[in-house]
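Structure first, then comments.
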Amino acid sequence: MTHDSIKLFLESFKILTDVEINSFIQMLTHKLFKKSEYFIKEGETCKQVAFVLSGSLRSYYNSDKDEEITYCITFPNSLVTAYSSFLTAQPTQENIQAIAETEVLIIQKSDFEVLIQQNPNWVYFLKTIAEQQYIELEKRIFNLQKSDAVKRYADLMKNQPEYIQKIPLQYLASYLGISQRHLSRIRKEFSF
């Protein structure tokens, strides 16, 4: 049951064969993060990728003023990793923390490297994922710079309605680039 979501996710790219997908699935480990538990903390080196089955994770960094800035929220049916650290094997500057109880499937970097050596389809798959992540990052930057807070909130409501009410106000406000007070006013507009 837990592998159905990842299988559908991998199949959606139309790159990998059933045999390749099943090999990948055999390498996965299941993990449940309690609320506030960390997938990775600043200063650690990331050696794994997780596929979110349920719950959500937030990626944040600490500003010079020691404020937590949430820059990404990962919802179910998505991959998450401290990407720069994963690629470079250098300590990360980010923290990835469970917002609520979160169930994931994890693959180790060393296992992924075995898959890449065995089959070039995995290289193409990783290239496709990297391209998608870049496009998402670009959209997020444009959205923060071009859209007002109401539009950003409306987009999140449209795309993740079942989770938006579960994200604590301070994380959601930080993610949207606004104050908690401003977010409270926006939420009131949407509650009618």
Side-chain angles (χ1 to χ4, degrees), residues 5-6 8-10 12-15 33 35-36 38-42 46 49-88 92-104 124-192:
S5 296
I6 187 72
L8 289 172
F9 176 79
L10 294 171
S12 73
F13 290 90
K14 300 188 184 329
I15 296 171
F33 289 101
K35 181 180 179 179
S36 300
Y38 285 87
F39 173 71
I40 193 163
K41 289 184 179 180
E42 181 179 0
C46 190
V49 175
F51 179 79
V52 180
L53 294 169
S54 66
S56 54
L57 299 159
R58 74 177 182 118
S59 300
Y60 74 92
Y61 62 90
N62 293 303
S63 72
D64 292 342
K65 297 175 184 173
D66 209 29
E67 296 172 317
E68 292 181 359
I69 310 296
T70 299
Y71 69 89
C72 182
I73 298 175
T74 306
F75 298 101
N77 299 314
S78 301
L79 296 172
V80 65
T81 191
Y83 196 56
S84 296
S85 177
F86 184 82
L87 291 177
T88 65
T92 186
Q93 295 182 34
E94 67 183 297
N95 300 281
I96 302 177
Q97 180 185 41
I99 293 173
E101 186 172 274
T102 303
E103 184 181 10
V104 300
Y124 184 54
F125 172 77
L126 290 176
K127 176 185 174 290
T128 303
I129 291 288
E131 289 169 350
Q132 284 185 347
Q133 291 300 308
Y134 176 82
I135 291 166
E136 285 300 312
L137 177 62
E138 188 176 75
K139 282 185 352 191
R140 174 136 168 79
I141 290 168
F142 290 157
N143 199 13
L144 282 170
Q145 293 179 345
K146 293 175 77 173
S147 300
D148 66 14
V150 173
K151 171 124 176 43
R152 292 194 301 269
Y153 184 80
D155 287 346
L156 199 54
M157 282 285 292
K158 178 183 171 191
N159 295 315
Q160 299 296 338
E162 66 275 14
Y163 293 99
I164 198 159
Q165 298 300 324
K166 298 175 185 176
I167 299 171
L169 197 65
Q170 72 269 25
Y171 302 156
L172 191 56
S174 177
Y175 176 73
L176 293 169
I178 58 177
S179 69
Q180 290 183 49
R181 184 180 218 171
H182 191 180
L183 178 57
S184 293
R185 286 195 298 268
I186 291 170
R187 278 185 140 169
K188 285 180 186 172
E189 289 179 32
F190 280 84
S191 62
F192 293 103

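Here, residue 1 is the first one in the sequence, and each next residue gets the next number. The analysis underlying the following values was restricted to heavy atoms, covering all of them including side chains, and did not include hydrogens, waters or symmetry mates.
- Contact detail for R187 and L169: the closest heavy-atom pair is NH1-CD1, 3.3 Å.
- Under the 4.5 Å side-chain criterion, counting only non-hydrogen atoms from C-beta, N62 is not in contact with E67.
- Annotation for V52 and V104: closest pair CA-CG1, 4.0 Å, computed over non-hydrogen atoms.
- Counting only heavy atoms from C-beta outward, the side chains of F125 and L10 approach each other to under 4.5 Å.
- Residue R140 comes nearest to T70 through the heavy atom pair NH2-O, 4.0 Å, listed as atom of the first residue, atom of the second, then distance.
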Intermediate values then yes/no, side-chain contact (heavy atoms from CB on, under 4.5 Å), I178 and Y153
CA-CA 10 Å; I178 58 177; Y153 184 80; over 6 Å; no

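- A cation-pi contact links R58 to Y60, judged by a cut-off of 6.0 Å to the six-membered ring centre and 45° from its axis.
- Using modelled atom types, no side-chain atom of S78 and backbone atom of T74 make a donor-acceptor pair closer than 3.5 Å.
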Discussion item. If you apply the rule side-chain contact (heavy atoms from CB on, under 4.5 Å), what do you find for V150 with E189, and how did you get there?
Written reply: CA-CA 9 Å; V150 173; E189 289 179 32; 4.3 Å; yes

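- Side chain of E94 to main chain of Y61: no donor-acceptor pair is present (N/O by atom type, distance under 3.5 Å, no hydrogens or angles).
- Considering every non-hydrogen atom in both G55 and P76, the closest pair reads O-CD, 3.2 Å.
- Note that CD1 of I96 and CD1 of I40 are 6.5 Å apart. Values are rounded to the nearest 0.5 Å.
- Side chain of T102 to backbone of S56: a donor-acceptor contact under 3.5 angstrom is found.
- Summarising the geometry of L183 relative to A173, their closest heavy-atom pair is CD2-N, 3.5 Å, with the distance given to 0.1 Å.
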Run E68 and Y171 through side-chain hydrogen bond (donor to acceptor under 3.5 Å, both in side chains) and show every step you take.
CA-CA 9 Å; E68 292 181 359; Y171 302 156; 5.0 Å; no

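- Taking CD from Q132 and CG from L79, the interatomic distance works out to 9.0 Å, rounded to the nearest 0.5 Å.
- I129 contributes atom CD1, which lies 12.0 Å from atom OG1 of T81 (distance to the nearest 0.5 angstrom).
- The pair K127-E131 meets the salt-bridge criterion, since a charged nitrogen lies less than 4.0 angstrom from a carboxylate oxygen.
- When only modelled atom types and interatomic distance are considered, R152 and S147 share no side-chain donor-acceptor pair under 3.5 Å.
- Remark: side-chain polar atoms of S85 are not paired, donor with acceptor, to backbone N or O of A82 under 3.5 angstrom.
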Passes side-chain contact (heavy atoms from CB on, under 4.5 Å), T128 versus I15? Steps please.
-> CA-CA 9 Å; T128 303; I15 296 171; 3.6 Å; yes

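- Inter-residue side-chain proximity for F39 and N95 is flagged as unmet; no heavy-atom pair is nearer than 4.5 Å.
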Report task. Mind running side-chain contact (heavy atoms from CB on, under 4.5 Å) on K166 and I99 for me, showing each step along the way? Result -> CA-CA 8 Å; K166 298 175 185 176; I99 293 173; over 6 Å; no

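- Between the N159 side chain and the D155 main chain, a donor and an acceptor come within less than 3.5 Å of each other.
- Side-chain atoms of T88 come within 3.5 Å of backbone N or O of S84 as a donor-acceptor pair.
- Within the model, atoms OH of Y175 and CD1 of I69 stand 14.5 Å from one another, a figure rounded to the nearest 0.5 Å.
- Taking CG of L8 as the start and CG of N77 as the end, the distance is 8.5 Å to the nearest 0.5 Å.
- Using bins of under 30°, 30° to 60° and over 60° for the plane-to-plane angle, the ring pair F9/F51 lands in the tilted bin.
- Distance check: L176 CG to L144 CG gives 8.0 Å after rounding to the nearest 0.5 Å.
- The main-chain N or O of Q170 is never found under 3.5 Å from a side-chain atom of S174 such that the two would form a donor-acceptor pair.
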